[in-house]
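Beneath this line is the structure, given in structure tokens, with notes to follow.
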Amino acid sequence: MTRLGAALLGAATVLSACTHYNTLYNAERVYRDAERDRLAGRDSLALLRYREVVQKTSDAYRSRPDDERAAAILYLLGRARLRAGEPRAAALALEEALRRPSEPELRPRILVYLAAARARLGDPDGALAGLDQALQHGVSGEALAEARLLRGSLAPVSYTHLRAHETVL
């Protein structure tokens, strides 16, 4: 291979990686917009945006399933599918995300949304077990709020049980 050929191949690889990262960034932005719409009661608009996220992340994952950010892509895909009312598809994406290497803080967040999918699929025990794992792994931020809301909707939790998790949180 000539130097020019090698340089062009290298440039194409870098450009492909940048495009892939840009797709994920844009999908995350659309997801945040969808969440704002959902919380503001604009359900139809939120659903359209969630479906856009599903399309973008599905395309990104199919084009590069072994990408180092595959877990993050699948996590976003799973959350969007969950919000779009597709809990079975969400669970599949989130379960696959758990099998991928990722940043340590991503695993507990994945567990929270997988628990939400399981709850919607009629498995409250599985959902509670997943929430317990997420809390043990130190889930934080938005996913922690989601975990607390879900836990409250699934089963009454004693004050003592909540106090036991405060050391983890």
Side-chain angles (χ1 to χ4, degrees), residues 24 27-28 30-58 60-62 65-169:
L24 179 59
E28 287 172 339
V30 173
Y31 183 86
R32 284 191 306 273
D33 291 345
E35 287 287 271
R36 276 193 290 278
D37 291 333
R38 180 180 64 86
L39 294 171
R42 296 185 294 265
D43 296 337
S44 296
L45 183 55
L47 182 58
L48 287 172
R49 290 184 199 264
Y50 290 130
R51 288 184 177 154
E52 181 181 347
V53 173
V54 167
Q55 185 64 51
K56 287 177 182 295
T57 53
S58 294
Y61 180 71
R62 275 193 300 272
D66 294 326
D67 187 87
E68 65 184 24
R69 301 216 7 117
I73 292 167
L74 289 164
Y75 169 62
L76 184 56
L77 173 60
R79 288 185 301 153
R81 287 214 182 262
L82 184 65
R83 296 287 198 234
E86 303 170 13
R88 190 165 313 284
L92 291 172
L94 293 164
E95 287 165 354
E96 182 62 27
L98 284 175
R99 290 189 280 273
R100 301 302 183 119
S102 66
E103 308 87 48
E105 68 276 358
L106 187 57
R107 182 176 178 76
R109 292 186 301 204
I110 294 169
L111 289 167
V112 168
Y113 289 93
L114 180 55
R118 288 182 176 151
R120 289 202 189 155
L121 290 169
D123 181 12
D125 292 336
L128 286 169
L131 289 174
D132 285 344
Q133 276 188 306
L135 291 168
Q136 289 170 358
H137 284 94
V139 68
S140 61
E142 181 181 304
L144 176 59
E146 190 85 25
R148 288 180 173 163
L149 188 62
L150 180 59
R151 177 174 281 290
S153 72
L154 288 173
V157 180
S158 71
Y159 181 74
T160 306
H161 187 75
L162 284 175
R163 297 288 295 168
H165 283 297
E166 281 184 358
T167 56
V168 175
L169 305 177

Inter-residue atom distance R38.CZ - Y31.OH, 0.5 Å rounding = 7.0 Å
Among E35, R79, R81, find the one that has a side chain to side chain contact (heavy atoms under 4.5 Å, CB included) with Y50.
-> E35
Report the distance from atom OH of Y75 to atom CZ of R69, rounding to the nearest 0.5 Å.
-> 12.0 Å
Say you draw a straight line from CG of L47 to CG of D43; how long is it, rounded to the nearest 0.5 Å?
-> 8.5 Å
Shortest non-hydrogen pair, A71 vs S102, comes out as CB-CB, 3.6 Å
Residues forming a salt bridge (Lys or Arg N to Asp or Glu O under 4.0 Å) with R51, sequence neighbours excluded | none
In short, salt bridge (Lys or Arg N to Asp or Glu O under 4.0 Å) pairs touching residues 101-121 with sequence neighbours left out are E95-R118
So which heavy atom on A134 is nearest to which on V112, and how close?
-> CB-CG2, 3.6 Å
Option from L154, L150, D123 for which side chain to side chain contact (heavy atoms under 4.5 Å, CB included) with L128 holds | L154
Interatomic spacing from CG in L131 to CG in L114 - rounded to 0.5 Å = 9.5 Å
For residues V30 and K56, report the shortest heavy-atom separation together with the two atoms involved.
-> CG2-CE, 4.3 Å
Could you pull out the closest heavy-atom pair between A80 and V54, with the gap in Å?
-> CB-CG2, 3.8 Å
To the nearest 0.5 Å, tell me how far L144 CG sits from L149 CG.
-> 11.0 Å
Side chain to side chain contact (heavy atoms under 4.5 Å, CB included) between R49 and L45, worked out = CA-CA 6 Å; R49 290 184 199 264; L45 183 55; 3.7 Å; yes
Test V139 against L111 for side chain to side chain contact (heavy atoms under 4.5 Å, CB included), laying out the working first.
-> CA-CA 9 Å; V139 68; L111 289 167; over 6 Å; no
State, yes or no, whether a side-chain contact exists between D66 and R100 at a heavy-atom distance under 4.5 Å.
-> yes
Measure across T57 and A27 and return the closest heavy-atom pair with its distance rounded to 0.1 Å.
-> CG2-CB, 3.9 Å
Closest non-hydrogen contact found for L74 with A97 is CB-CB, 3.6 Å
R88 CZ: over 12 foreign heavy atoms closer than 6.0 Å = no
From CD (E96) to CG (L94), nearest 0.5 Å = 10.5 Å
Go through the steps for R151 and L135 under the test side chain to side chain contact (heavy atoms under 4.5 Å, CB included), then give the verdict.
-> CA-CA 11 Å; R151 177 174 281 290; L135 291 168; 4.0 Å; yes
